[in-house]
Amino acid sequence: MMVVDWAGIKLLPLKDLFTMIGGFLADVFMIFGGAIPYVFQYAEIYQRKSALGFSLYVCLALCVANILRILFWFGKHFKNTLLVQSVVMLVCMFLMLEISVRMNRKLLNKSQRTSILNGHFLSHFWQWSDLKSYAIALSLFTAAAAATTAACIGVSMDLEDLVSSILFFQFKCSNGMSKASDSWLC
């Protein structure tokens, strides 16, 4: 038979241990929680061999928002959990772009395929048929946003106002897309 000494149990910092474990689990959920639904979406697209019904503009809005959040971190540091979450969401959205482009490309004839490299930057914006075009567009946006961020870091401007406008843009775009709007102008 085991005897438990309550004086010994009181010496253990159980409250601190539970707080630390709870905080860790909350951070893990915060990092991966936003990406979890896209795992199922990815599996469904892969299983159906079709990306019809999945809007690539969702990827655009989330890529822009997460790139801007990462760049904002350089101007004003916030919790590393949110920074890692942005990186995870960027990887997730790039994987969603990859499978969507791969599946949609199978439905197109060679003459219907579009690419930034073929001069279809604005005429077929975010509806290209090769992954390289999306990578180029996101790289150009990241470079422009990084240059703007670098220029703004030295200026005494309120970065919170910039973030508020970014979040408003993200909210308006996500609401517009959830209503089956296929306009990238939100």
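- Heavy-atom contacts from other residues, nucleotides or ligands closer than 6.0 Å to OH of Y46 number 12 or fewer.
- Considering only heavy atoms from C-beta on, L107 stays 4.5 Å or farther from Q112 through its side chain.
- Both L131 and L140 are part of a single hydrophobic cluster, where members link through side-chain heavy atoms under 4.5 Å apart.
- F29 and L25 sit in two unconnected hydrophobic clusters of ILVMFWY residues. Membership requires side-chain heavy atoms under 4.5 Å apart, directly or through other members.
- Once rounded to the nearest 0.5 Å, the distance linking CG of L83 with CH2 of W73 reads 5.5 Å.
- Inspection of the T19 and D16 side chains reveals no N or O donor paired with an N or O acceptor under 3.5 Å.
- Scanning both residues, M103 and A51, for their nearest heavy atoms gives CB-N, 3.9 Å.
- Between C63 and L90, some side-chain heavy-atom pair lies under the 4.5 Å cut-off.
- Interatomic distance, L138 CG to I67 CD1, rounded to the nearest 0.5 Å: 5.0 Å.
- In this structure the side chain of L56 never reaches within 4.5 angstrom of the side chain of L60, judged on heavy atoms.
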Going through the distances and angles, do V64 and F141 end up as a side-chain contact (heavy atoms from CB on, under 4.5 Å)?
CA-CA 8 Å; V64 166; F141 173 77; 3.7 Å; yes
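- Separating the CZ atom in F74 from the OG1 atom in T149 is a distance of 9.5 Å, to the nearest 0.5 Å.
- Relative to the six-membered ring of Y134, K132 misses at least one condition, a distance below 6.0 Å or an angle of at most 45° to the axis.
- Under a cut-off of 6.0 angstrom, the local environment of NZ in K110 is sparse, with at most 12 non-hydrogen atoms contributed by other residues, nucleotides or ligands.
- When atom types are taken as modelled, the side chain of S133 and the backbone of I116 share a donor-acceptor pair closer than 3.5 angstrom.
- A continuous path of hydrophobic side-chain contacts links M30 to V87 [ILVMFWY only; heavy atoms under 4.5 Å].
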Going through the checks in order, is the side-chain contact (heavy atoms from CB on, under 4.5 Å) test met by D130 and R105?
CA-CA 8 Å; D130 65 328; R105 188 178 175 102; 3.7 Å; yes
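- Atoms CD1 and OG, from I45 and S100 in turn, are 4.0 Å apart once rounded to the nearest 0.5 Å.
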R69 vs F78, test: side-chain contact (heavy atoms from CB on, under 4.5 Å). Steps then yes/no.
CA-CA 10 Å; R69 189 192 301 171; F78 48 81; 3.7 Å; yes
One pair to check against side-chain contact (heavy atoms from CB on, under 4.5 Å): F32 and D27. What are the steps and the verdict?
CA-CA 9 Å; F32 295 106; D27 286 348; over 6 Å; no
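- Contact annotation: the side chain of M89 approaches that of Y38 to within less than 4.5 Å [non-hydrogen atoms, C-beta and beyond].
- The hydrophobic clustering, which links ILVMFWY residues whose side-chain heavy atoms are closer than 4.5 Å, places V58 and V91 together.
- Side-chain contact check for Y57 versus Q127: some heavy-atom pair is nearer than 4.5 Å.
- Separating the CD atom in Q85 from the NZ atom in K79 is a distance of 11.0 Å, to the nearest 0.5 Å.
- If you take CG on L71 and OG1 on T142, they are separated by 6.5 Å, rounding to the nearest 0.5 Å.
- You'll find the side chain of M93 reaches within 4.5 Å of the side chain of C59, heavy atoms only.
- At least one donor-acceptor pair closer than 3.5 Å links the side chain of S86 to the backbone N or O of L82.
- Linking Ile, Leu, Val, Met, Phe, Trp and Tyr residues whenever their side-chain heavy atoms come within less than 4.5 Å leaves L52 and M96 in two separate clusters.
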